[in-house]
2 protein chains.
Amino acid sequence: MTRTSTLSPVPPADAAAEPTRVAVSTVIFTLRRLPGSETASVALPLVRRTRDPHEGLWALPGGWLDATEGLDAAASRTLAETTGLAPSYLEQLYAFGAVDRSPSRVVSIVYWALIRPDEIADASDENVQWFDAASLPGLAFDHNQIVDYALWRLRNKVGYSRIAHGLLADEFTLAELREVYEAILGRRLDPANFRRQVENSGTLIPTDRFRTGSHRPARLYRYNQDVELADRGPLDRRQ
Amino acid sequence: MTRTSTLSPVPPADAAAEPTRVAVSTVIFTLRRLPGSETASVALPLVRRTRDPHEGLWALPGGWLDATEGLDAAASRTLAETTGLAPSYLEQLYAFGAVDRSPSRVVSIVYWALIRPDEIADASDENVQWFDAASLPGLAFDHNQIVDYALWRLRNKVGYSRIAHGLLADEFTLAELREVYEAILGRRLDPANFRRQVENSGTLIPTDRFRTGSHRPARLYRYNQDVELADRGPLDRRQ
DNA sequence: CCAAAAGTGTTTAGCGTACACCCATGT
DNA sequence: ACATGGGTGTACGCTAAACACTTTTGG
C-alpha cells in the first residue's frame, strides 16, 4: 500500500451533506470583590441562550467562525458582539470536538481571556450576567467542563507568567497585584516574600507616585513592557 | 441593544456556500541515532503531498475530520492511514486557522505525539520519510511553523512532565532515560544529578533486572503507573 | 498614641549544580 | 590491569518560606 497525504482538495461528498461547523467561544475572567467579602474572587460573564439547543441555559459567549477571519479575530468579534467586552489578554485554550457535545456536529475553538475590572461597562443587559467562577450553575453543552479547564490553566499560568497584570490597571500597588494572585490561587501570600519575588523578577518598574488613602502610602508600579506578558501560542513566536 | 448567544442552530447561508473545513494533523516525534553519531536526535515522519495545493512538498500526516469521530480519534486514524503509526502518547497542540494558510479555508486541529523507536515498522513507502527535526526542508502550508511550536512544547513539557517515557520501552536504564532528555533538551546532563532527581520524583520503580553487555550492568526501571504521564488536556481530567 | 498596612532584615530548609570518588564488569 | 559507564557522597549557591522588626500614614 502506498500512503499519501489524505488532505485532498475537497472532502468526501457524503461529509458535505451535513458539514461540521466551527464555533469560537471565550472564557473571560475578571476579579471582583463581592459585597461584604474580604477577598476578591474570579468571575466570568455568561450569555443566556435564546434558542435551542439548551434554550434558557447559560453559555459561554461565542459564535460561528466567519469565513473571512482568523480564529483570534473570531474570538474577539464574537466576544464583543455577545457581551460588548474587549479583553486585555486573549489566548487559545483548546479545541473541543466530541461528537456528542452538541446535537449537530460542532467543533468549538475555545479561548480564554482576562479583562480589567475597570474596563467592564456594566451593561444593563439581562441576557449577560457575571457569575462567580467557584459557584456556576449548570451550563449549556460541555461548558462547565470548559470553564474548569480554563480555571486550571489560569491558576497554572499565573505561577510562571505575568498574566496577573492583565487584570490590573496600568499602575498598581504591590498589594493590589498580590490580591490578584491570592484570588486566582485561592490562598494568602506572604506580603514580604511576594514583594521580593516580584521585585527581583524584573517585570515591574517602580514609579514616583503613591496610592494614598489609608495608612502608609504604597508605591505604584507599572509593567515592564520589554518583558512578554505570556506565551500566546505559536502565532507571535519570534525566531 | 439586547445581546444574545450567536450560536444559532445553523450558520448564515452565505457561509455555507464555501464551508470552512476541519482537518487534523499530527506532529509525531521519535528518537533515532544517526549512523556515526554519538548522540540521539529528534526525528519526525512527513508525508509527500500528491495533490495540489503544494503537490510534491512534504507535509505533516493528517486528513479531514470525519463527522462521526472525535478530534482525538481523528488524529489517531489519520496518522495510521497516512503513516501506519500508532503513538504511545498523543496530545492536542493547537488549532491553526489563519485565513490564508491554505487556498481554501481550512482549520487544522494539530496534535503532537510520541512513539517508541521499536514501534516503528520501517515501511518501505517512498511517500513517508523520517526527517531530523533540526534540519527540515520547506514544508507545505504553515507546517514548518507548526513543527517549531511542537518542538517548543516538547522541550517545555519534558521539564515538568514524564513524557520522556513515551519514547522508551517498558523497561529502561537510567542512561537510556537520560539520553532521551539530552536529545530533547539539546544538552548533556550530569549522570549523578539526573539519577537523584528522577529517583526522588517517585515516578520510577526499580526492577530486579539489569541491562548487561558492556561494563557494569545497569539496573532496569519501569514507569510508576500511579503517576500521570502528563496532562492530556481537559478530557481526562478527574475532579 | 494606636492600628494597620508598607516595607526591610534574617534565618532556615530544600533543591539544582558541580565535581570528587568508589564500584563492577567486559576486554 | 584498565578503561568505561554505573552509582554514591559532599559542598556550594540560589531561592522559597517563615517571621521578627521598623516605617509611615489615618484616625
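Convention: sequence-line order gives letters A, B, ...; per-chain numbering from 1.
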Between the protein and nucleotides 12-19 of chain C, which nitrogen or oxygen pairs come in under 3.5 angstrom?
{"unit_1": "C/dA18", "atom_1": "N7", "unit_2": "B/N193", "atom_2": "ND2", "d": "2.8"}
{"unit_1": "C/dA18", "atom_1": "N6", "unit_2": "B/N193", "atom_2": "OD1", "d": "3.1"}
{"unit_1": "C/dA18", "atom_1": "N6", "unit_2": "B/R196", "atom_2": "NH2", "d": "3.4"}

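For the side chain to side chain contact (heavy atoms under 4.5 Å, CB included) test with A/L85, the passing option among A/T30, A/V128, A/I28 is A/I28; the others fail. For the side chain to side chain donor-acceptor pair (under 3.5 Å) test with B/N193, the passing option among B/Q197, B/R195, B/R196 is B/R196; the others fail.
For A/Y181 against A/A164, the heavy-atom pair with the smallest separation is CE1-CB, 3.4 Å.
For residues 208-218 of chain A, proximity to DNA chain C is found at A/H215, A/R216, A/P217, A/A218, defined as any non-hydrogen atom under 4.0 angstrom from a strand atom. Of the residues in residues 173-186 of chain B, not one comes within less than 4.0 Å of DNA chain C through any heavy atom.
In this pair, B/W152 and B/Y149 present their aromatic rings parallel. The plane angle is below 30°, not in the 30 to 60° band.
Atoms CZ (B/R195) and C1' (D/dT8) sit 9 Å apart, rounded to a whole Å. Computed from coordinates, the A/Y221 OH to C/dA6 P distance equals 11 Å when rounded to whole Å. For A/F194 and C/dA6, the CZ to C1' distance is 14 Å, given to the nearest whole Å.
For the pair A/H165 and A/L114, the minimum side-chain heavy-atom distance is 4.5 Å or more. Within the 4.5 Å cutoff, side-chain heavy atoms of B/L60 are placed close to those of B/I146.
A distance below 6.0 Å separates the ring centres of A/Y223 and A/F172.
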Q: Determine, step by step, whether B/R162 and B/S201 satisfy the side-chain hydrogen bond (donor to acceptor under 3.5 Å, both in side chains) criterion, reporting the C-alpha distance in whole Å, the side-chain angles of both residues, the deciding distance to 0.1 Å, and the verdict.
A: CA-CA 10 Å; B/R162 288 180 47 210; B/S201 72; over 6 Å; no
